[in-house]
Amino acid sequence: MDRPAGKKILLFLGIAAFAGLLILYGWVDPAINAYFPKCPLKLATGLDCPGCGSQRAVHNLLHLRVGKAFIENPLFVVAIPYIYGAVYFESRKAPTPRLLRWRQRLYGLNAIYFILIVIVLFTTLRNII
């Protein structure tokens with residue numbers, strides 16, 4: 001069955017907004033432009049959150065500077081294939097039992113706990129090293 005017109009419009013608007021952001025981040029360097037949002041945690045405490053450096057990483061990735069992007073925020077760069085996988089799993093209309101098992105392994109409750117631990121460790125290490 002086809003998607004209702006309203007969902008198609010929302011999907012189109014979401015894709016258009018995402019493409020617009022990619023164009024903006026490719027064109028303007030957040031490291032030297034004051035108009036990009038700053039991290040409230042960093043402004044308040046001076047500590048880096050797990051997302052600090054992601055805007056600069058996106059800009060560097062769009063210019064194919066993977067090493068520089070990794071320096072800005074390694075967790076963000078490593079998470080991109082994982083996020084792509086989530087989109088892939090959710091886009092399957094009739095997933096096979098094998099695909100469902102992989103989705104459970106990679107995105108189930110245990111995976112969420114593991115990701116939470118990774119984020120906490122990453123944040124702690126980036127602030128003490």
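All values reported here derive from a predicted model rather than from experimental measurement.
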For this session: Would you give the length of the straight line joining atom CZ of Arg65 to atom CG of Asn60, rounded to the nearest 0.5 angstrom?
Result: 4.5 Å
Problem set entry | Flag if over 12 foreign heavy atoms under 6.0 Å of CZ, Arg98 | no
Problem set entry | Gap separating the CD1 atom of Ile129 from the OG1 atom of Thr124, nearest 0.5 angstrom | 10.0 Å
Exercise. Looking at Tyr25 versus Phe36, is the centre-to-centre ring distance below 6.0 Å?
Worked result: yes
Exercise. Are Val118 and Tyr82 joined in one hydrophobic group, where the rule is that I, L, V, M, F, W and Y side chains link up if heavy atoms are under 4.5 Å apart?
Worked result: yes
Problem set entry | Side-chain donor/acceptor of Asn73 to backbone N/O of Cys52, under 3.5 Å | yes
Seminar exercise, completed: Closest non-hydrogen atoms of Ile80 and Leu61, given as atom of the first, atom of the second and distance, are CD1-CD1, 3.4 Å
For this session: Could you tell me which non-hydrogen atom of Leu41 sits nearest to which non-hydrogen atom of Cys49, and how far apart they are?
Result: CD2-CB, 3.6 Å
Exercise. Are Leu21 and Val77 joined in one hydrophobic group, where the rule is that I, L, V, M, F, W and Y side chains link up if heavy atoms are under 4.5 Å apart?
Worked result: yes
Exercise. Is the shortest heavy-atom distance from the side chain of Phe76 to the side chain of Val58 under 4.5 Å?
Worked result: yes
For this session: Can you measure from CG (Leu62) to CH2 (Trp27) and round to the nearest 0.5 angstrom?
Result: 14.5 Å
Problem set entry | Non-hydrogen atoms of Arg56 and Pro30 that approach each other most closely | N-CG, 4.1 Å
Exercise. Once you round to the nearest 0.5 Å, how far does CZ of Arg92 lie from CG of Leu99?
Worked result: 7.5 Å
For this session: Looking only at non-hydrogen atoms, find the nearest pair between Glu90 and Arg103 and report the distance.
Result: OE2-NH1, 3.5 Å
For this session: Report the distance from atom CZ of Arg126 to atom CG of Leu121, rounding to the nearest 0.5 Å.
Result: 13.5 Å
Exercise. Can you find a heavy atom in the side chain of Lys42 that is under 4.5 Å from one in the side chain of Asp48?
Worked result: yes
For this session: Consider only side-chain heavy atoms of I, L, V, M, F, W and Y, link residues closer than 4.5 Å, and tell whether Phe18 and Leu24 are in one cluster.
Result: yes
Problem set entry | same_hphob_cluster(Phe70, Phe122) at 4.5 Å side-chain heavy-atom cutoff | no
For this session: Look at the side-chain heavy atoms of Ile, Leu, Val, Met, Phe, Trp and Tyr, link any pair under 4.5 Å apart, and say whether Ile115 and Leu75 land in one connected group.
Result: yes
Exercise. Do Tyr107 and Trp102 come close enough that some side-chain heavy atom pair is under 4.5 Å?
Worked result: no
Exercise. Any idea which heavy atoms bring Gln104 and Leu109 closest together, and the distance?
Worked result: NE2-N, 4.2 Å
